[in-house]
Undergrad: 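The structure is given below, and queries will be raised subsequently.
For clarity, every value in this text was computed on a predicted model and none was experimentally measured. Chain A is the first sequence line, chain B the second, and so forth, proteins listed ahead of strands; every chain is numbered from 1.
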Amino acid sequence: MSKHTELGLSEEEVLEMYRIMLTARRVDERMWLLNRAGKIPFVVSCQGQEVQQVAASFALNREKDYSAPYYRDVGVVLALGMSIKELMLQAFAKAEDPNSGGRQMPGHFGSRKLRMLTGSSPVTTQVPHAVGIGLACQMNNDDAIAFVTLGEGSSNQGDFHEGANFAAVHKLPVIIMVENNQYAISVALNEQVACEKISDRAIGYGMHGETVDGNDPFAVYKAVKQAADRAREGTGPSLIEAVSYRLTPHSSDDDDRTYRSEQEVKQAKENDGLISFREYLIAHNILTEENEREMEQTIKSLIDEATDYADAAPYASPDTLLDGVYQ
Amino acid sequence: MSKHTELGLSEEEVLEMYRIMLTARRVDERMWLLNRAGKIPFVVSCQGQEVQQVAASFALNREKDYSAPYYRDVGVVLALGMSIKELMLQAFAKAEDPNSGGRQMPGHFGSRKLRMLTGSSPVTTQVPHAVGIGLACQMNNDDAIAFVTLGEGSSNQGDFHEGANFAAVHKLPVIIMVENNQYAISVALNEQVACEKISDRAIGYGMHGETVDGNDPFAVYKAVKQAADRAREGTGPSLIEAVSYRLTPHSSDDDDRTYRSEQEVKQAKENDGLISFREYLIAHNILTEENEREMEQTIKSLIDEATDYADAAPYASPDTLLDGVYQ
Amino acid sequence: MPVVSYIEAIKTAMEEEMERDERVFILGEDVGKRGGVFRATEGLYERFGAKRVIDTPLAESAIAGVGIGAAMYGMIPIAEMQFADFILPAVNQIISEAAKIRYRSNNDWTCPITIRAPYGGGVHGALYHSQSIEAIFANQPGLKIVMPSSPRDAKGLLKAAIRDPDPVLYFEHKKAYRLLKEEIDNNEEVIEIGKANLLQEGADITVITYGLCVHYAKEAAKELAAEQGIEVNLLDLRTIYPLDQEAIINAVNKTGKVLLITEDNKEGSIISEVSAIIGEHCLFELDAPIKRLAGPNVPAMPYAPTLEKAFMVNQDQIKQAMLDLALF
Amino acid sequence: MPVVSYIEAIKTAMEEEMERDERVFILGEDVGKRGGVFRATEGLYERFGAKRVIDTPLAESAIAGVGIGAAMYGMIPIAEMQFADFILPAVNQIISEAAKIRYRSNNDWTCPITIRAPYGGGVHGALYHSQSIEAIFANQPGLKIVMPSSPRDAKGLLKAAIRDPDPVLYFEHKKAYRLLKEEIDNNEEVIEIGKANLLQEGADITVITYGLCVHYAKEAAKELAAEQGIEVNLLDLRTIYPLDQEAIINAVNKTGKVLLITEDNKEGSIISEVSAIIGEHCLFELDAPIKRLAGPNVPAMPYAPTLEKAFMVNQDQIKQAMLDLALF
Ligand SMILES: Cc1ncc(C[n+]2csc(CCOP(=O)(O)OP(=O)(O)O)c2C)c(N)n1
Ligand SMILES: Cc1ncc(C[n+]2csc(CCOP(=O)(O)OP(=O)(O)O)c2C)c(N)n1
Ligand SMILES: [Mg+2]
Ligand SMILES: [Mg+2]
């Protein structure tokens, strides 16, 4: 049996997963072009993490579950229902941006409609929030669960510890996914932590912990699916570590050549999960020359359209500066 | 071979350990009497934790090492050189109290002379401080190590996580001893954590972790001694969990009957490490009827003397209120 | 009509709100079985169960942060910080998160959390169980801060805080818990957040304060009225952030002489902002410098009774300052 | 004499102090190999090595707390917070610990740490990379807070902070990093903490401000002098906590008209305390209300350029406020 059928995923579903991963990549690439062209002041990238982001999201109930994504999660938010146009509106910081109306930098996601919590810049504050969602679900016998992501560097913040412990004590329906991309800006993994795996921290909370290859969509899907099942059954939270690599500089303000070798980055690019997933889909005749071309074209034209729209859209009026401080 | 000789401890040393444990207990008992008599407004107790406190301190180099004790550590501070008189001065909040000149509540230890960091009330802040001492020792090729204690409830604070991780990454000479007495005020262990052992958290930092019976002085001594050796060798920090039971209410302001049964407390009192250590010493002819009587008498008269002295000593003058805000 | 203490008023407010609205719940350290270290939640665990009166692990950032998450879901959490001094590990969650959730999401998400914390000194609490820490938060738009001065206000303001659609910090004075008692006639009263309360009118001097100091000021004013016939116009701020500018301006303009009082350290305190509002709006109405009476600029109240007393603003000092101002 | 930018001045101050005293070291996120995300520590890792320029895990409470521990040992840490906005997880360590170590130990222990953090807006940093957060700390005796307004001050005040026996928060403006440049003649200058700096004397109006706003005020004053002959008495606070009362009083008394400026939100800001000092000490010297110019009371500066611009206090506003006051 092929990997996807073993997991109960149809051909349509895996193709859809791939389409969203590719969309995330292409959106991100366009952001860099727009940044370099002086059109948008800032980009923070998903590149190298799309596979884990989309695979994990597909393991959720996307009609019901809550999410608290972090700034790199273009793949997550696309999978959970944000549109390319909406992403472009936030990149251009326009009034119509559903995340913040242009108030926040790109990468600060949030949508009540999508049950996606509003995020901030100080890292890791979202972990206790997701735990609070889990608590509320438990109190209300709501079948939904909370899915929260963060970088491995952020797992060293106190809020990670406090939130994870709280979730474990109350057996809350929460999935914490650490996207370990090997760096916290310039600080390499071995200067951030001395443990072998970030998921080793789970044992100290008494929750399930597991490290998976973030470049393998099936491994990620399976781990998150099982975590979701456990959460819904009431057996408590899980800590999933998805290991990948940050293929771009930290952000458009960073120069990663000051702290890592081009050789290292080049090698990581060869292990890009998007490549191997594509090969898998081709080998299984799910992706063909034809539908791939069509997919790329559709994505491109959607991005073009979204870019034009967002570029032309108005900024929030200065008159709105004082709105939304209090009800 | 007997347990103490196996560990290289002489008869004098174990007797001295016992003497200090007993002193801590007797000082604490006196504090409660003074409190109930309206002489001192507040007590926070060591009772039930003296064995682990003194045994751990004896495993340090008491001429050289740094400590950051927490509020229950009467045993630690006595072992590290604080006198009964000084403890009474702080209980009475008198000007001569070396810990704070009566500025802080009892249990807020600190003495530069004894390389004992000044402590505050917000729990767990001392963990990063001890790590900072470890860092300074490492930078200065100073052979000293930092020993820090906290309650198991406090191990759920962010500062525990951040401090432990920092120490592990830099392989700092630090020993973190969690004194697990089963309660954080009224909150029982299973409502604080879901892990099996607090020391399981060590694996998530990549440091040595170990749980020992806090009522067994030899187990505690051995674990801390080995941790000290590792720290001095440069192999990094350790997390030691010493398990015991809080025999008194949380403090003189608490009423523990609202949240735990008298039966449970009674049973814990039977397992009091002071009793079993005493039996051990008697069985090994180290403690005799004679030297025990003498020991009790000496302690009592020292406490009497210290109490009278501290009672009569002056409070800090109101004129000193503004001193010591800045240099 | 029953005589109710300040702490009973707090408990009753929570009880009634939990009764009224199923979404209201409490979380904090020792709030459950123990009923709170001050017994502010006594009986609520028994009445509403462990799911609505939650004993949390010892971790303030999680207490605030988990509460914020639950509030975003649509619940109405009341988070207790055991002492106001111990709110500091939660500052990031309160200022970066609770205060900014509505604004940063452009009104999409909201955070109706109430955070209660016992503040204040004079209770042998030493440096870390005596602090007034409101000034730390009183410059963060998105937050509201209330500090009740009486049982009636404690109840009505807590109800308002719980019903408020935005995050509210509620600081209650430890010494007031059992010191202040009064009859509460209207059980349903909800006191509007954002409005100061003119406690008594008077033509000679205006006194503006909040929290327990209101009690001392009232007593001092009573004495001065009886002894010297001095009439004090006394404004209780009630909400100390954002301030009720209009009430402040009106109160000052009535007498032209103003004394501002806080138990906190002086520099950078709530009454500094009150003074600035006055300096901006009432300058030509003033007949005397804007006088501030506050704690000394030392880190916090020491434990030794001599030093605690030397720190604490008291009724005698207040009376003297009022008299000096009246005679100015 | 070399022309030095604000950020170069900061780097040079650290470099010279590390050279002078072996106990001085740096810790923070990305301060090592990367040389800081703004490049404030560029070259220091190469020069002093990984043991004195330490890349820490991403955990601000540990950066502060470990620094505090090292300071108690006798080291002189310079802790960098990557953005002032991200100092908030470290508030407990700064306020409960650093600020109180000397006082609570009755002068037995000390904590000579310097905490640097880039603050301020106008750099497309949005809500969490634009904040002025000094007011949160400016009511905590035991702390000192400096905010330099020029390269020369940046250098001299940072040297003073590092040499200070007590904890000092040092907030540097991100927009000033490369905007402000000047010749620095005295390389060894250490600027005394606690003293304000009368930048220019003038008889018409007094302007009191700090940080980058000093630059805008200077420029506005230059224009007003040239265009309207208005003479501005300009006081740069330099140390914003505790404030230099005497300098404030003298500066105000000289003109009787005062404008206070901050980039921060208005309510509860540094200039509120400045105003209160004036209201207490200069009332009868004043010829006009104490005017405050500040950011609006919204949580922080939004990202969209329209909104960022609407938030940020700018030179034109300052000039207009000066003119209005002069004409009052
Ligand atoms: C509390 C806080 N401190 C510092 C920063 C600045 N910062 C932004 S991202 C980042 C690194 C995050 O690393 P990691 O968690 O591994 O996520 P990644 O960017 O690698 O996906 C830092 C230090 C921040 N946003 N918040
Ligand atoms: C940050 C903080 N929050 C709350 C408190 C109040 N408090 C004092 S001791 C304590 C319980 C501590 O439990 P644990 O760490 O297990 O130590 P134990 O008292 O059992 O020895 C609490 C909640 C505090 N001191 N600091
Ligand atoms: Mg990372
Ligand atoms: Mg305990």
Undergrad: Which one of A/Lys197, A/His170, A/Met207, A/Gln157 has the most heavy-atom pairs closer than 4.5 Å to chain B?
TA: A/Gln157
Undergrad: Return yes when atom NZ of A/Lys269 has more than 12 non-hydrogen atoms of other residues, nucleotides or ligands closer than 6.0 Å, and no otherwise.
TA: no
Undergrad: Measure A/Ser155 against the heavy atoms of chain B and call it side chain, backbone, both or neither at under 4.5 Å.
TA: backbone
Undergrad: Could you tell me which of B/Glu196, B/Lys171, B/Gln192 has the largest number of non-hydrogen atom pairs under 4.5 Å with chain A?
TA: B/Gln192
Undergrad: Given heavy-atom pairs under 4.5 angstrom as the criterion, report whether the side chain, backbone, both or neither of B/Phe160 touches chain A.
TA: side chain
Undergrad: Between A/His161 (side chain only) and B/Asp159 (backbone N and O only), is there a donor and an acceptor less than 3.5 Å apart?
TA: no
Undergrad: Taking the side chain as every heavy atom from C-beta outward, state whether B/Asn165 and A/Arg201 have any pair of such atoms under 4.5 Å apart.
TA: yes
Undergrad: I need the minimum non-hydrogen distance between B/Cys195 and A/Ile203, along with the two atoms involved.
TA: CB-O, 3.4 Å
Undergrad: To the nearest 0.5 Å, tell me how far B/Tyr205 OH sits from A/Asp200 CG.
TA: 12.0 Å
Undergrad: Tell me which of these, B/Gly204, B/Ala168, B/Gly158, has more heavy-atom pairs under 4.5 Å with chain A than the rest.
TA: B/Gly204
